[in-house]
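What follows is a set of notes on a single structure, which appears directly below.
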Amino acid sequence: MSMRRKTEKAYFDREYKFGTTVKRLSVYAAEQRGWLIVMFLLLLISAAISIAVPLVVREGLNELSKSSGAIDYEMLKIIGWIYFVGSFFEWLINYAQIKVNWIITARSISSLRIQMFSRLQDMDVGFFDKMETGKVMNRVMDDSNQAGNLINVFATFFSSLTLIVVMLGIMFSVNGTMTWWILGSIPVIVVVVIFIANFLRKYSQKVRRTRAAVNAAVQQTITGVAVSKGFNREKQNSEEFTDLNRENLNASLKLSYTFSIFFPLIDFFSVLILYLILNSGGLQVIQGNIRIGDLYLFYSYTLRLFGPVIQLASQVARIQAGSAATERIFSLLDLDSVMKVGSDKPESVEGHVTFDNVHFAYTPDVPVYQGLSVDIHPKQTIALVGHTGAGKTTMVSLLARFYEIQEGQILIDHKNVQSFDIESYRSHLGIVPQEPYLFAGTIADNIRYAKPDATDEEILEVIRLTHLDEFVDSLPEGIDTDVRERGSRLSTGQRQLITLARALLANPAILILDEATASVDAYTESMIQKSLENLFADRTSIVVAHRLSTIIHADRILVFDQGQIVGDGSHDALIETNDTYRDLYKTYYEFQGIETVAD
Amino acid sequence: MSEDTVYYYLDRKYYQRSHWHWLFGHLMQYKGKILLVSFLTLITIALQTYIPLIFGQAIDTVIPDGDLPGLQDLAILVIILGLIRALIGYLASIFNEQISQETEMNVRVEFFENVSRKKMDFFNKARVGDLMSQATQDTQNLTFAISPGIRSIISAVFGIIAAAIAMLTLNVTLTATFGLIFPFYIYFMYTYAKRLQPVSLDRQQRLAKINTGLQENLTGIRVVRTFSAQEREAQQFESQVRSYEDVLVERGAISAYYIPILLLSLLTSLIFLLGVYIIEANEQGLSSLPVLGLNIPIQPLSVGDLIAFLTLMGILVFPTQILRFLLDVITLGFAGSSRIYTTLTTQSILEKGADLPLENIKGDITFTNVTFAYEEGARPAVIDLSFDLKAGETLAVIGPTGSGKTTIGKLLLRLYDIDEGSISIDSLEVNQIEINHLRSQVGMIEQDIMLFSASIRANIAYGVPNLTDEEIEAAAKAAQAHDFIMSFPDGYDTIIGEKGVTLSGGQRQRVAMARTFVTNPKILVMDDSTSAIDAQTEAKISAAMEGLLKNRTTIIITHRLATLKNADKILFLRNGTAEKIGTHQELIAPFEPYRQIFGAYQELPPLEVDN
Ligand SMILES: Nc1ncnc2c1ncn2[C@@H]1O[C@H](COP(=O)(O)OP(=O)(O)OP(=O)(O)O)[C@@H](O)[C@H]1O
Ligand SMILES: Nc1ncnc2c1ncn2[C@@H]1O[C@H](COP(=O)(O)OP(=O)(O)OP(=O)(O)O)[C@@H](O)[C@H]1O
Ligand SMILES: [Mg+2]
Ligand SMILES: [Mg+2]
């Protein structure tokens, strides 16, 4: 557990200074510039109204309660109606303000999510090997939600500041010394806020991290539910899950405890100031320096002043607490894909593949290839054989540009693959991966994934080629049958055949089959092979298989052993000259017990 | 953890009615704390109102009197009360957070446990992203609802009650006006909540949709790349995110539109006007007021009373605002809880059996006329299947893809209940056996390997915690996994990626094999578990397993033929029915489909054995 955290941390998360966070957030704020200005104005107007309305009412009350002279009822009625109309106006402003607030928040969240998503689409596959899906999802969904809420700060901050300035102006005009007294307390508040904010940041980092772990646990448990049932793991899983949740609970409680100090503390500050006003102000009144009305004004304005001050302080705190989320987002956005890409968009590819002294390691100290060289001519059918873990799939992954090599070069039609635009390069490849993966959706949707504008006829054609037609016909909904997430409605062989059909539909110049029929019975496999013969003929095909019957007729067989090619040639040549291959074949042959059939 | 009993985290009665009741049940676990928070909140409210009064007293009497010691006493009193208020407020919020966050956690744990017990049917249909969304996003909304909920409700309700009592004692006519409009006020809130409700649910559903799409995109990342579908995926994601954005804005607009403060301000201004008219009428000596041609009797009103009345209405501003906010977060919380509740109460459990213990078994297996369909109405995956296997025997199952081989293993593990016939172990029907006992006796190496993102050690010890290193290594050796594991710098502590992506296909299968070997099952089902392994390694595994398989009943599902010769029985499946059961010799001569499979191998060029 701790080890994973270490790799994740080293690999991934960075720290950003408060200033950087604000600066980078302001980029998103700039996107919403128009609405933020509207928001700012609305905030000012509503503040003005909330100051003005009581004034109007007070005016009316003063008139009512005046001790001498006749009461001016007409004026009072007018005030009443002004109030009546003003209320509508106030509501309107409020309405606009809340709405604009939501627009800004919602858009900021969207833009963060979309940006992260497209960043993820460009990352090298190695990134996903290291990160758990649930944790990545947590960044895209949850952290963005937290950070999106911060954008409004850019409006509220300035409106609070404006209000504070206005209030202070009024207070100064009434009595300078007392205003200084009150001002003196503000640095104290600032210090306290900064102090607390640091804790907030620390705790919310922990909250974010543990929450991501909870998310990942849910994801892994649900995807592995059949295994945990088979191994009776439910009880332990739920204990582990509870532990993860406890960790998260403890972190978030700590965060809340710290956050909760904040408001009572500020509250207490306002009482302290009240004390100052009472004690020193009261004294001044008694000594006749100021009038009692001024004291009252001071009292009410100090209370009002504290609204924006509290707001300002809590915004700083919110940014600090939110910076745990923004850091996680920025770390992801700032992560560079290790893929080196160019901009060439090859129109067509002939299918000449060259590996030239390729060095590659998934993890720094464990090299898979240390100088792999091989030259594959167009339209050849190449078979890769070798023990498990010898590096066959790795070759496929490198060709697919899932990982970046460390040394040497991979050439397609004599051009370095790094000079190609990765997506248009891949569109010339068709890969059936060792692990079939299907999306939730119909059989047709899944096959069509390779070519969105394919007609039903084309789809039925590849279904026929892969001998899936009998199965598809037996389904009441035919190719419109929903296969569910990961294709869970199908048998493994059926899933494999659909991924094969999908790759065939792409009609690629280079076709790569990595154990594409390993889970299919030998008879069906041989039938498929027959029907694919023509297809293989006019493209470069690379076939990985442990079942040697699959590859015996390949033009060339590459024998892999511990990341090296130790044999290269046709079956007949290899069986004569290559020990590794002969051993492999011999065991296979004997192991399949074919002699028994011979009689 | 039984899969055949409904799981109740709370008392059963909380699951009879609705998600409100269920949520209430969760809150009831914290009755004591809720009472405490209520009490503390009341105290802070009292102090909140009392402190300004002290100030009023100072201005009204102490300062004009020039009473210096009295002034200082008051100032100190303010400080002390302020301190108490801050402390109590802090305590209240701490308890409050405990209630809400612990409830969130409890709900999440309940959700997790409940879902874990659902049978496989449920997971076949559920979307991972959606369940994740319920477990995290919907539960989080509960905290947002409960956390301000308790304290705010108390402040709001008490504020309103106190103001209402005070008003009544002041002036009946004005209170009556107020009372006339108050039902509208309530109605207003009611329609607000009502309009917010469907939108809130919609919001959560769209959020879950983004989650689902994201989950699939990330797990299928290689396929996305292979077909250069990033652009398409990004567009789809964006449209989902935008649709969520729309619902957020829409919800915000509804929330903004129903600001009840409007009603209150209008009411205040009307009362002000009315008050002015009444006072004017009083002055002219009238005892009733003409409104729309009717004479309404009025009660005399003094100026001071009107002022006091208006001030009291001012007190209502705060509760009103809070109520709006509360309704907003609470409808959102309810939307989440209704989604969770629906999942919790979805009936998806295995049929209840006799829960017979199964400790020391021999390992006889009998399938009698078993018929099973994954879905009602669908073509059965297994039809009228019968075979029996004595303890220690080996059965090889072969057949075309989709013929129901894997299904046999799943049924033996009782991941599903069969529709007809019976499956028994040692002549006990599997659905009568305690499920954990059954599953600890039956070990299955699945066809689709699911490893977890953890260390290799933890993966092997998945089914048996507290294994010694020797035991783990022994199993890894039998599965021919020890050597490659040791070739990694971190050995058994190497952390592998999700689903085992950082291992090669054959390495994954061998880790999975070791994982099953350590559980030492009496009945072993190997589902095509060497498909990604070369023949030499497979031969070594076979040799190692010969010792392992002794005294075990084994079902080997395979497309490789090596195993068939040694099997005691071979079952040839097609379309879910047993076409033939017999030994290799019995099948090879007369049975055409079987020969066909072998034929594919026969085409291999012969091996010249040079001595
Ligand atoms: N994503 C990865 N991250 C780290 N190491 C990896 C990754 N994928 C493979 N490896 C390691 O690289 C080596 C070669 O793996 P590769 O998948 O190429 O083998 P393979 O020849 O395809 O084997 P198999 O026949 O079992 O599929 C193995 O030791 C494996 O553990
Ligand atoms: N979860 C499921 N829901 C609905 N139908 C299913 C489900 N799993 C499998 N099926 C269907 O049941 C039939 C038998 O599937 P099963 O997985 O047992 O085949 P199999 O013989 O193991 O095939 P393979 O050799 O491809 O692994 C198939 O037609 C498949 O489509
Ligand atoms: Mg491989
Ligand atoms: Mg199967």
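Chain letters run A, B, ... following the sequence lines, proteins first, then strands; residues in each count from 1.
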Verdict with supporting geometry, B:Glu245 and A:Ser110, side-chain hydrogen bond (donor to acceptor under 3.5 Å, both in side chains): CA-CA 7 Å; B:Glu245 179 185 316; A:Ser110 296; 2.7 Å; yes

Residue A:Asn248 versus chain B: region with a heavy atom under 4.5 Å: side chain

Distance-only side-chain donor-acceptor flag, A:Glu234 / B:Asn436, under 3.5 Å: no

Side chain / backbone / both / neither for B:Ala234 at chain A, heavy atoms under 4.5 Å: both

Segment of B:Leu207 engaging chain A (4.5 angstrom heavy-atom cut-off): both

Contacting region of B:Leu71 [heavy-atom separation from chain A under 4.5 Å]: side chain

Test side-chain contact (heavy atoms from CB on, under 4.5 Å) applied to A:Arg401 and B:Arg225, step by step: CA-CA 9 Å; A:Arg401 304 276 284 130; B:Arg225 270 124 219 261; over 6 Å; no

Pi-cation contact, B:Tyr462 with A:Arg233 (under 6.0 Å, within 45°): yes

Residue, of B:Lys499, B:Arg251, B:Met444, B:Glu446, that accumulates the most heavy atom pairs under 4.5 Å with chain A: B:Lys499

Expected output: side-chain A:Asp521 to main-chain A:Thr524 donor-acceptor under 3.5 Å: yes

Interface moiety of B:Glu102 toward chain A, non-hydrogen atoms closer than 4.5 Å: both

Geometric class of the A:Tyr585/A:His571 ring pair [parallel <30°, tilted 30-60°, perpendicular >60°]: perpendicular

Option in A:Thr221, A:Ile103, A:Ile431, A:Val520 with maximal non-hydrogen atom pairs under 4.5 Å from chain B: A:Val520

Test log, rule side-chain contact (heavy atoms from CB on, under 4.5 Å), inputs B:Thr537 and B:Arg510: CA-CA 10 Å; B:Thr537 314; B:Arg510 283 175 284 159; 4.0 Å; yes

Per-residue contact mode, B:Arg108 against chain A (heavy atom under 4.5 angstrom): both

Region of A:Asn138 in contact with chain B, defined by heavy-atom distances below 4.5 Å: neither

Contacting region of A:Leu490 [heavy-atom separation from chain B under 4.5 Å]: neither

Residue pair B:Gln101, A:Ser256: steps toward the side-chain hydrogen bond (donor to acceptor under 3.5 Å, both in side chains) verdict: CA-CA 10 Å; B:Gln101 298 194 18; A:Ser256 313; 2.7 Å; yes

Under 4.5 Å from any heavy atom of chain B - which part of A:Thr388: both

Max heavy-atom pair count under 4.5 Å with chain A, selected residue of B:Thr136, B:Leu273, B:Thr226: B:Leu273

B:Phe237 and A:Val140, any side-chain heavy atoms less than 4.5 Å apart: yes

Pair B:Arg439, A:Asn232: side-chain N/O donor-acceptor within cut-off below 3.5 Å: no

Heavy-atom contact with chain B under 4.5 Å, split by part of A:Gln97: neither

Donor-acceptor pair, side chain of B:Gln215 and main chain of B:Thr212, under 3.5 angstrom: no

Option in A:Arg484, A:Lys99, A:Glu515 with maximal non-hydrogen atom pairs under 4.5 Å from chain B: A:Arg484

Worked verdict on A:Glu423 versus A:Arg426 for salt bridge (Lys or Arg N to Asp or Glu O under 4.0 Å): CA-CA 5 Å; A:Glu423 278 168 42; A:Arg426 281 190 189 130; over 6 Å; no

Residue selection (most heavy-atom pairs with chain B, distance under 4.5 Å) from A:Ala506, A:Ala440, A:Ser474, A:Ser488: A:Ala440

Per-residue contact mode, A:Thr393 against chain B (heavy atom under 4.5 angstrom): neither

Under 4.5 Å from any heavy atom of chain B - which part of A:Gln496: neither

Test item: A:Phe128 and A:Lys130 side chains (from C-beta on) under 4.5 Å apart, heavy atoms: no

Atom group of A:Gln434 that falls short of 4.5 Å from chain B, counting heavy atoms: side chain

Top of B:Ile221, B:Val442, B:Thr406 for chain A proximity - count of heavy-atom pairs under 4.5 angstrom: B:Ile221

Pairwise side-chain contact, B:Leu503 with B:Phe484, heavy-atom cut-off 4.5 Å (strictly under): yes

Most chain A-contacting option - heavy-atom pairs closer than 4.5 Å, from B:Leu214, B:Val115, B:Leu413, B:Leu131: B:Leu214

Side chain / backbone / both / neither for A:Tyr257 at chain B, heavy atoms under 4.5 Å: both

Any A:Val227 side-chain heavy atom under 4.5 Å of B:Arg515 side chain: yes

Greatest number of heavy atom pairs closer than 4.5 Å to chain A - which of B:Thr519, B:Asp246, B:Ile79: B:Ile79

Which of A:Phe268, A:Trp102, A:Phe117 touches chain B most, by non-hydrogen pairs under 4.5 Å: A:Phe117

A:Arg107 versus chain B, the contacting section by heavy-atom distance below 4.5 Å: both

Options A:Val125, A:Thr242, A:Val225, A:Leu429, ranked by heavy-atom pairs under 4.5 Å with chain B, top entry: A:Val225

Exceeds 12 heavy-atom contacts within 6.0 angstrom, atom CZ of A:Arg246: no

Structural part of B:Asp528 lying under 4.5 Å from a heavy atom of chain A: side chain

Side chain, backbone, both or neither of A:Thr105 within contact of chain B (heavy atoms, under 4.5 Å): neither

Among B:Gln98, B:Arg379, B:Arg222, residue most engaged with chain A (heavy-atom pairs, under 4.5 Å): B:Arg222

Donor-acceptor contact below 3.5 Å, side chain B:Thr502 vs main chain B:Gly497: yes

Nearest-0.5 Å distance, OG of residue B:Ser228 to CD of residue B:Glu233: 12.0 Å

Contact origin within A:Val366 toward chain B - heavy atom pairs under 4.5 Å: side chain

Most contacts with chain B, counted as non-hydrogen pairs under 4.5 angstrom, among A:Gln494, A:Glu435, A:Gln236, A:Arg211: A:Arg211

A:Phe241, part contacting chain B, at a heavy-atom distance under 4.5 Å: side chain

